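Notes to accompany the following structure.
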Amino acid sequence: MVKKEELLKKGFRYILALALTGTVFVSGAQNARIKIDIDRKIGEVDKHLYGNFVEHLGRCVYGGIFDEGSALADDKGIRLDVLDAVKDLNVSITRYPGGNFVSNYHWKDGIGPKDQRPPRMELAWARLESNRFGTDEFVDYAKRMGTEPYFSVNMGTGTIEEAQQWVEYCNVKSGPYYAELRKKNGYAEPHNIKYWSLGNEMDGFWQMGHMNAEDYSKKAREAAKLMKLTSPDIKLIAAGSSNYRPNADPNEWNATILKELRDVVDYIALHMYVGNPDNNYYNFLSTPLVLEERTRIVKGLIDREMANADRGNRPPIYIAWDEYNIWYRARGEDTMAGTRALEEHYNLEDALVISGFLNAFIRNANIVKMANMAQLVNVIAPIFTNEKGMFKQTIYYPLQLFAKNMHGTALDVQVNCETYNTERFPIGLGESTTQQKDVPYLDVSVTYNKGEVVVCVVNRNKDKAITTDLISQEGKFTGDLEVFEVNGPDIKAGNDFGKTTVQTVIKPALKVKSADKVTYSFPPHSLTMLKGRIQ
Ligand code: AHR
């Protein structure tokens, strides 16, 4: 943001349009600036920022990753076209099996001979659950994906004993009943599941077995005790608040569980879904700022508890944004339940919001150490199938670009550009409203890794390209800068079967010999990734 007085003093030519906050919009006067200083470090980017989520919901498992009898599946029922697309997303960690589903899921239903597994009423999303896909099938799938499996235990209708037995089944080599049962089921070696969450969205009135924060903390602490006695090296994730409806008090919940579980857990899970129900592009594009605000508030609560915690040598509690996405179209009575539940079709503006979330994770890399897009296939997902094939949705491309390129150290960059203010708007379904001020048109994150610098820029401006100087404060840009762009003919453009309108396009590289300033024009409504070296 550039202040009027500064401009006058420097004598720049400018066109003034005073926004509500007194922000000055500048046109033609000077380029926007991104100042990169390789010494200004935020933190290490955790590889688990590029996670995903598989829930027994709609067609995520059945008809998505697993489709017995399909001509596109192998003899184990795994859809091979889907698996290829999944592998190319570089998913670092995958949460399973829910979600709301897990709060009435009994894992023993999903092991052993398939024809002896009991079908159950699935109450969260109104389906018949055949249980033909369960623990062992998911572990096999995770291996083929090349992802770290992350399990959620049932803290709703489940018992702490059941949670302990699941850990025993998965992680104990041999001896006790459930370890031997796994061996009998064909898995001589333990699955070694390292990440376990203690329930899902337990503060939500919609959750089966919903509790208050004190009751949740007590149950979670006792479950954690049994689980850790069974497998001491596991990492535990507490269910933070996901209820931001008016009159809910999400940070009261977060404060209580952090206090009660501060010596026990490794992460607090946060969830966020946003949408554009009133078709206001600029409001929608500002929603990643709300995610960042929530991150900052929870970081403050964590810091307070860490000052009094007894954690030995363990690191502080981190944040796992283990569900995030855009979800607002498939929210009706007919789209919230059954086998076709939560099937969103994404467009370019959705891909830009996802890019904004990913930028926000990188900018908060010191505290956000896990993030999982919800979900992997068909259900609010980057991959969409029918019985004949699949296509990659718009949101696939930013996720893939980040997962493949944004690693190393997150840098704290200075961005100077025009800004805008939003009107008051609802963030997600039923949530309180917000107004966002001074939203920069350029949304930026930068990583630095052994000389390699990667700059991700969303130009939120719908109509104008933004010419920007990238300035290196320490060292020079050396050699070419590769350029990748996710864009489309307009913000509502989307993909479909046989039609890929929005995808990553490799643009001509920027020729740089050795310079401390590079100028690039970021096109309207785009994500651009610049990749090169600073030495
Ligand atoms: O991802 C869809 C649902 O959203 C999950 O089951 C639940 O945890 C959240 O409310």
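Given the structure is predicted, the values throughout are model-derived calculations rather than measurements. The chain is numbered in sequence order, starting from 1. Every number for a ligand or one of its atoms is a count from 1 in the order of the listing.
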inquiry  = Using 30° and 60° as the class boundaries, would you call the ring planes of Trp107 and Tyr169 parallel, tilted or perpendicular?
reply    = tilted

key: Sequence neighbours excluded, every pair satisfying side-chain hydrogen bond (donor to acceptor under 3.5 Å, both in side chains) that has a member inside residues 296-305   = Arg262-Glu305, Lys299-Asp303

Could you list each N/O atom of ligand 1 together with any protein N/O atom closer than 3.5 Å, one pair per line with the distance?
from     : atom 1 : to     : atom 2 : distance (Å)
ligand 1 : 1 (O)  : Tyr273 : OH     : 2.7
ligand 1 : 1 (O)  : Glu323 : OE1    : 3.4
ligand 1 : 1 (O)  : Gln375 : NE2    : 3.0
ligand 1 : 4 (O)  : Tyr273 : OH     : 3.4
ligand 1 : 4 (O)  : Glu323 : OE1    : 3.2
ligand 1 : 6 (O)  : Glu55  : OE1    : 2.7
ligand 1 : 6 (O)  : Glu55  : OE2    : 3.1
ligand 1 : 6 (O)  : Asn100 : N      : 2.9
ligand 1 : 8 (O)  : Asn100 : OD1    : 3.4
ligand 1 : 8 (O)  : Asn200 : OD1    : 3.2
ligand 1 : 8 (O)  : Asn200 : ND2    : 3.0
ligand 1 : 8 (O)  : Glu201 : OE2    : 3.3
ligand 1 : 8 (O)  : Glu323 : OE1    : 3.2
ligand 1 : 8 (O)  : Glu323 : OE2    : 2.7
ligand 1 : 10 (O) : Glu201 : OE1    : 2.8
ligand 1 : 10 (O) : Glu201 : OE2    : 3.1

inquiry  = The criterion is ring pair (Phe, Tyr, Trp, His ring centres under 6.0 Å); which residues satisfy it with Trp253, sequence neighbours excluded?
reply    = Tyr216

query = With sequence neighbours left out, what residues match His106 under ring pair (Phe, Tyr, Trp, His ring centres under 6.0 Å)?
reply = none

message = On a heavy-atom basis, which atom in Thr385 and which in Gly63 lie closest, and how many Å separate them?
response = OG1-O, 3.0 Å

inquiry  = Do the side chains of Asp490 and Lys492 get close enough for a salt bridge, i.e. N-O under 4.0 angstrom?
reply    = no

